There are 2 protein chains.
Amino acid sequence: MTQNIINTIIEQISADGHRLTRQKRLVIESIAAHPHEHMSVENIYNYTQIHSTDISLTTVYRVVKFLTDNNILRKLNIYNDNNYYELIQADANMPHPHFICQQCGKIFDLDLNDILPQINKCQQHISKNYNFKIESSTIFYYGIGPDCRKPRLYK
Amino acid sequence: MTQNIINTIIEQISADGHRLTRQKRLVIESIAAHPHEHMSVENIYNYTQIHSTDISLTTVYRVVKFLTDNNILRKLNIYNDNNYYELIQADANMPHPHFICQQCGKIFDLDLNDILPQINKCQQHISKNYNFKIESSTIFYYGIGPDCRKPRLYK
DNA sequence: TTATGTGCAAACCGTTTGCAGGTGA
DNA sequence: TCACCTGCAAACGGTTTGCACATAA
């Protein structure tokens, strides 16, 4: 599973004629090992250090930029000023909202298959009424997540 | 109109027991004079300088933070790494999406009264299925805006 | 009068860059 | 071989902070 992700990315890189270095491989492995996390550059760097110190923070920045430019990673824009990245998988073109818990900071991916019709209706409305050509969207909901919603003490 | 906005904000500030200084007034006037723009701290600073040089960039940062903490401004999170701010008006609790033109960088406010039912349905779905308490949301669409969509040369 | 606000310069911190040396294809 | 990649240290740019002075209430 994780290995599949790694292989796919590596194939994509060489197919595009880019070099596969030790450092790129390290970053890719670190990201693919945590496919459902949203990681900052520093997070990724820390993961790489577990397996090898043979990579610098500068290079992680460069590889992350490389992966983002090549549509393997996507940069999220969350209001806490840190930049987070996530893997772009097969569902790349699906609207893909996130929920951020304001208490613990955890980021959740939302699967919106059930309400795709509503989402699409919104996009169509906007395209039509404003004459916009929509290429992508980022949707963040902020609030309190399930882990931080305290159970009632009595009912 | 603009004066209304200014008065409302000033009232709110003194009602909350905060001091009203020359500098705060300058920032508020600069923002209120352009109620439909999304401005960076530097933009705001530049507007203040038109009317008076009696304010520093540092103070603009501090006043913007003050206004944000007091729910007069809202910070937007757009992927181009600059922080932009907008006035929170009476419609504060309405979902309030934006569209960003990737060509010219212009930011558009979207009025979604017509499709509020769809929007609300999405939020309800998320709250229910994931057990989230949603407090706010930021929705950005990226693409090409009407000004940058070239007219066809022939049809 | 005095708690707060302000200006300046310096610190901060995430990110980028120049350069000399290393390495994948 | 050689174009591209990497590490280091230094630069960068937006933002914050410490401190002495100024000012609204």
Side-chain angles (χ1 to χ4, degrees), chain A residues 6 9-30 38-49 51-70 72-85 105, chain B residues 6 9-30 38-49 51-70 72-85 105:
Chain A
I6 296 175
I9 295 174
I10 288 178
E11 272 167 37
Q12 187 178 336
I13 289 177
S14 29
D16 289 352
H18 300 290
R19 284 195 194 165
L20 183 60
T21 59
R22 250 175 307 129
Q23 290 85 349
K24 267 183 199 151
R25 196 185 284 272
L26 246 175
V27 169
I28 293 166
E29 286 170 355
S30 299
H38 300 87
M39 295 196 278
S40 65
V41 170
E42 183 136 21
N43 291 153
I44 297 169
Y45 175 71
N46 290 336
Y47 276 126
T48 64
Q49 296 308 104
H51 300 102
S52 160
T53 56
D54 189 20
I55 183 170
S56 71
L57 181 57
T58 302
T59 297
V60 177
Y61 271 105
R62 283 196 266 229
V63 175
V64 165
K65 183 176 190 320
F66 169 84
L67 296 173
T68 306
D69 290 346
N70 286 275
I72 292 164
L73 287 183
R74 175 194 294 129
K75 187 174 169 183
L76 304 178
N77 301 94
I78 307 180
Y79 76 173
N80 57 9
D81 285 326
N82 281 320
N83 288 319
Y84 287 91
Y85 296 84
Chain B
I6 296 174
I9 295 174
I10 288 178
E11 272 168 36
Q12 187 178 336
I13 289 177
S14 29
D16 289 351
H18 299 291
R19 282 191 196 170
L20 183 59
T21 58
R22 251 174 306 128
Q23 290 85 349
K24 268 184 198 151
R25 197 184 283 271
L26 245 175
V27 170
I28 292 166
E29 285 169 356
S30 298
H38 299 87
M39 294 195 278
S40 64
V41 170
E42 182 136 23
N43 292 153
I44 297 169
Y45 175 71
N46 290 336
Y47 275 126
T48 64
Q49 297 309 104
H51 301 102
S52 159
T53 56
D54 188 21
I55 183 170
S56 69
L57 182 57
T58 300
T59 297
V60 177
Y61 271 104
R62 283 196 266 228
V63 174
V64 166
K65 182 176 190 321
F66 169 84
L67 295 173
T68 306
D69 290 345
N70 286 276
I72 292 163
L73 287 183
R74 176 194 293 128
K75 186 174 169 185
L76 304 178
N77 301 95
I78 307 179
Y79 75 176
N80 58 8
D81 286 323
N82 281 320
N83 288 319
Y84 287 91
Y85 296 83

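Proteins get letters first, then strands, A, B, ... in listed order; numbering begins at 1 in each. None of these values were measured; they are calculated from a predicted model.
Bending across the helix from C/dT1-D/dA25 to C/dA25-D/dT1, expressed as the angle between its end axes from five pairs apiece, amounts to 40° (10° rounding).
A search for side chain to side chain donor-acceptor pair (under 3.5 Å) contacts involving A/S30 returns nothing, not counting sequence neighbours. In this structure, the side-chain contact (heavy atoms from CB on, under 4.5 Å) partners of B/E29, at least two apart in sequence or on a different chain, are B/I6, B/R25.
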statement: Letter by letter from the 5' end, nucleotides 7-14 of chain D scores (B base, S sugar-phosphate only, - none; protein heavy atoms under 4.0 Å) BBB----S
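Side chain of A/R19, nearest nucleotide from C/dT2, C/dT6, C/dA25: C/dA25.
The NZ atom of A/K75 sits 8 Å away from the P atom of C/dT15 (whole-angstrom rounding). Going from atom CG of A/L67 over to atom P of D/dC5 covers 12 Å, rounded to whole Å. A/Y84 places its OH atom 13 Å from the C1' atom of C/dG14, with the value rounded to the nearest Å. A straight line from CD1 of B/I13 to C1' of D/dA24 spans 13 Å, rounded to a whole angstrom. Nucleotide D/dA24 holds its C1' atom 14 Å from the CD1 atom of B/I10, rounded to whole Å. One interatomic measurement links the two molecules: NE2 of B/H18 to P of C/dT4, which rounds to 11 Å at whole-angstrom precision. Per the geometry, CG belonging to B/L26 stands 13 Å off P belonging to D/dA24, to the nearest Å. Taking atom OH on B/Y85 and atom C1' on D/dT15, their separation rounds to 9 Å, with Å as the unit.
In this structure, B/I72 CD1 and B/F66 CZ are separated by 6.0 Å, a value rounded to the nearest 0.5 Å. Rounding to the nearest 0.5 angstrom, the gap separating the OH atom in A/Y85 from the NZ atom in A/K75 is 4.5 Å. Expressed to the nearest 0.5 Å, how far NZ of B/K65 lies from CG of B/L73 amounts to 12.5 Å. Rounding to the nearest 0.5 Å places CG of A/N43 at 6.0 Å from OH of A/Y84.
Evaluation of the salt bridge (Lys or Arg N to Asp or Glu O under 4.0 Å) test over residues 12-21 of chain A, restricted to residues two or more places apart or in two chains, returns none.
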All N/O contacts under 3.5 Å from nucleotides 11-13 of chain C to the protein, with atom names and distances to one decimal?
none

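Among B/N46, B/N83, B/L57, the one residue that satisfies the side-chain contact (heavy atoms from CB on, under 4.5 Å) test with B/V41 is B/L57.
Along DNA chain D, the nucleotide nearest B/L20 and the nucleotide nearest B/K65 are compared for position; the residue whose nucleotide lies closer to the 5' end is B/K65. Comparing B/T21 and B/V41 by the nucleotide of DNA chain D whose heavy atom lies nearest to each, the residue mapping closer to the 5' end is B/V41.
Residues A/I13 and A/I28 are in side-chain contact: their nearest non-hydrogen atoms beyond the backbone lie under 4.5 Å apart. At least one side-chain heavy atom of B/I10 sits under 4.5 Å from a side-chain heavy atom of B/L20.
By the 6.0 Å contact criterion, NE2 on A/H51 is open, its count of non-hydrogen atoms from other residues, nucleotides or ligands being 12 or less.
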